[in-house]
Amino acid sequence: MAFYDKIFETFGLTAWCGKGDESPMNMAQLLAQTRGEASAEASSGIPFPSLDNLNESCAAIPRTRDMTSGLEDAFLSVKDAMKVVLDPVTQPLSWALDGALWAFLATPWWILLPALFWLTWYVSRSVAVTVFVACSFLFLGFIDHLDAAIQTLSIIFVCTGLCVLFGVPIGILMAKSNTLQRAMIPLLDLLQTLPSFVYLIPLIFLFSVTESKLYGIAIIVYAIVPVIRLTDLGIRLVDKDVIEAANAYGMNARQKLLGVEIPLALPNIMAGVNQTIMMSLAMVVIASLVSAPGLGVLVLRGIRNLELGVGLVAGLGIVLLAVVLDRTTKAALARINVAHENG
Amino acid sequence: MANRTQVSIRGLYKIFGSNPDAALPQVLAGMGKEELLQEYDHVLGLKDINVDMQAGEITVVMGLSGSGKSTLIRHVNRLIEPTAGEIDIDGNNILGLSATELLRFRQTMMSMVFQKFALFPHRTVLQNAAMALEVRGEDISKREAEAHKWLERVGLGGYQNHYPYQLSGGMQQRVGIARALTSNSDIMLMDEAFSALDPLIRTDMQNLLLELQTELHKTIIFITHDLDEALKLADHLVILKDGAVVQQGEPQDILLNPADPYIEDFVGDINRARVLRVRSIMHPGEDGDHIAGDVDQNATLESVIELSAGNTQKNYRVCADGVPVGFLDMKELVKALVPARTNASRSRAAR
């Protein structure tokens, strides 16, 4: 005898409800099962009129589990159609990731490391940062973590590059259209707050775990948000007087965008790129669950096999990589800011 | 120089709000600014503006903040679109220009100088000055040579490779003027160009502008809220109040014959001896008695008072380029120093 029986009887709905057959577990049973306990009968006063509790009185009302499995079925039914479109579109991402990984690993260390140091010097123009980066990579090499770190780095390079490639134009369009901005902001909020594991769930259904684009998409979708947001902000913050001057001298839209708006928004865009790099680094560790190579694999191994030392050292390596990337991009940002200083 | 009307504004109205066209008939029927704001939630920016601006002259539009002067100047290059009216430049109605024609028109016919300078902070002084030619698509050697020439002319030779933030306000505005001159356009719009500068620098810049103007004869439309500046620069003065023209004409004439109490209040605080010139108060034609000496027709009254050592008994012969054109009675001069009043305000003062 369930709590809400009386109500359905009062409204004469007993016939409509009918006798329920055995349906899947309800949410309470599911949770209890995942905790590994026996299902305890909750009997404290009035139960909340949830789908599960109403179902006990009236079988015609679906259970919450029916809803989640319905969602699953719906996803699976469109999956094949989505795959037809998404597979070819995203295939270049796989190639890019695999290609970058191969290229970084195939290059001998005595070419790769000087090249990285030169790149650091080129973007930061700071002796201190370059020396720090050099020491970090030499240390990682000394403790035999260089290959894993380079794998992680190559994934970040590819994903950040694509984030900028897509994020900056989207940000510019958002800055130009208030309607698009209103539509995009909730989506960006969603992408930013969705737990990073949740990105992986639909992707695992769509793509094979052995494909690199699986983690590539997860990283890009997660990390693209700051560069879009800050590009939008940067373009909108460009001094109205300067734009008016550009208009008064007859600049067309392209001249204004390339000659005035993007250069003046560059400090903000670079701040967005810095955030994007940090977020892709965070995601690349989680993406090791779906076969992303690099330091994250070692962390995962540390957790799975309870190898404390392996996990901690790899984690420290990730921190080192994060600091290296952050300092380098911050130094580049500072250099741009000096050039843009405004009186 | 033969006078030729270069910019002609006819029946210009500007109403700001969500649906200006619906509010226009009310304004045409004579509804005032406050009423329009209360009943229709629209702001009356400009009301029935008719101004002719002569080629080679400085037309100064003066008014207090909120009088619509900055709105007016932005109509001349269509940074703001009018609600009704017509703007003819060299006889062509610029409101009929297509989008690409408008860009071309702004590139070749107009240059603009801004109150807050509005230089590109990420470009050097030279690149800023060359901007107008760059937009037009001139090649780099030509535009830099031209920019170099004008920077030199405004006194900024040697600063080409500085960035704007490294310069003082006065120097930044010199870059703004060099940028406008480099574009080599006939018409120059100056929106409160000197208002953000210190008084001494401002005087320097005014002198620079007048000096350049004697040489270049541009059609300059100058916006200011400062009457001293307006009187110093103007060939033709337009006074705006609440979006409408209160009085326009030769500055000396406005000073001697203010049209209404608003203008009287405006011109009341002016040092008339320094602004009024002999030609405005002389008697043309025959010589009078007791001629004490010759004065130029463009001399200020101040200089004549100095010459006469304050003696009101004297008369002077007025000359233009050494040829006598009239005579000046010192008594007249002293009377002209007292602000003229309209009948209405005279009776108000008597009460």
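Order of the sequence lines sets the chain letters (A, B, ...), proteins ahead of strands, with each chain counted from 1.
- Shown here is Phe16(B), whose CZ atom has more than 12 heavy atoms of other residues, nucleotides or ligands within 6.0 Å.
- Looking at Leu189(B), there are no atoms closer than 4.5 Å to chain A (heavy atoms on both sides), in backbone or side chain.
- For Ser183(B), the part lying near chain A is the side chain, with the backbone staying farther off; criterion is any non-hydrogen pair under 4.5 Å.
- Ranking Arg78(B), Met131(B), Gln115(B) against chain A, the residue ahead of the rest is Met131(B), based on heavy-atom pairs under 4.5 Å.
- Of all residues in residues 246-253 of chain A, those placing a non-hydrogen atom less than 4.5 angstrom from a non-hydrogen atom of chain B are Ala246(A), Asn247(A), Ala248(A), Tyr249(A), Gly250(A), Met251(A), Asn252(A).
- Shown here is Tyr159(B), whose OH atom has no more than 12 heavy atoms of other residues, nucleotides or ligands within 6.0 Å.
- The salt bridge (charged side-chain N to carboxylate O under 4.0 Å, His left out) search around Arg10(B) returns Asp52(B), not counting sequence neighbours.
- Taking CD1 of Ile80(B) as the reference point, atom CD of Glu244(A) lies at 7.5 Å (rounded to 0.5 Å).
- Within the 4.5 Å cutoff, the side chain of Phe120(B) has heavy atoms near those of the Val242(A) side chain.
- At a 4.5 Å heavy-atom cutoff, the contact between Arg123(B) and chain A is made by side-chain atoms alone.
- Among residue pairs with one or both ends in residues 85-107 of chain B, those qualifying as salt bridge (Lys or Arg N to Asp or Glu O under 4.0 Å) are Arg4(B)-Asp90(B); sequence neighbours excluded.
- Here the shortest heavy-atom pairing between Arg179(B) and Ala245(A) reads NH2-CB, 3.9 Å.
- When heavy atoms are compared at a cutoff of 4.5 Å, Ala99(B) does not approach chain A at all.
- The nearest pair of heavy atoms linking Gly259(A) to His122(B) is O-NE2, 2.8 Å.
- The heavy-atom pair separating Val135(B) from Gln255(A) by the smallest distance is O-NE2, 3.2 Å.
- Minimum interatomic distance between Asp241(A) and Lys116(B) (heavy atoms only, all atoms of both residues): OD2-CD, 3.2 Å.
- In this structure, Leu190(A) places its CG atom where more than 12 heavy-atom neighbours from other residues, nucleotides or ligands lie under 6.0 Å away.
- Every residue two or more places apart in sequence or in another chain that forms a salt bridge (charged side-chain N to carboxylate O under 4.0 Å, His left out) with Asp226(B) is listed here: Arg202(B).
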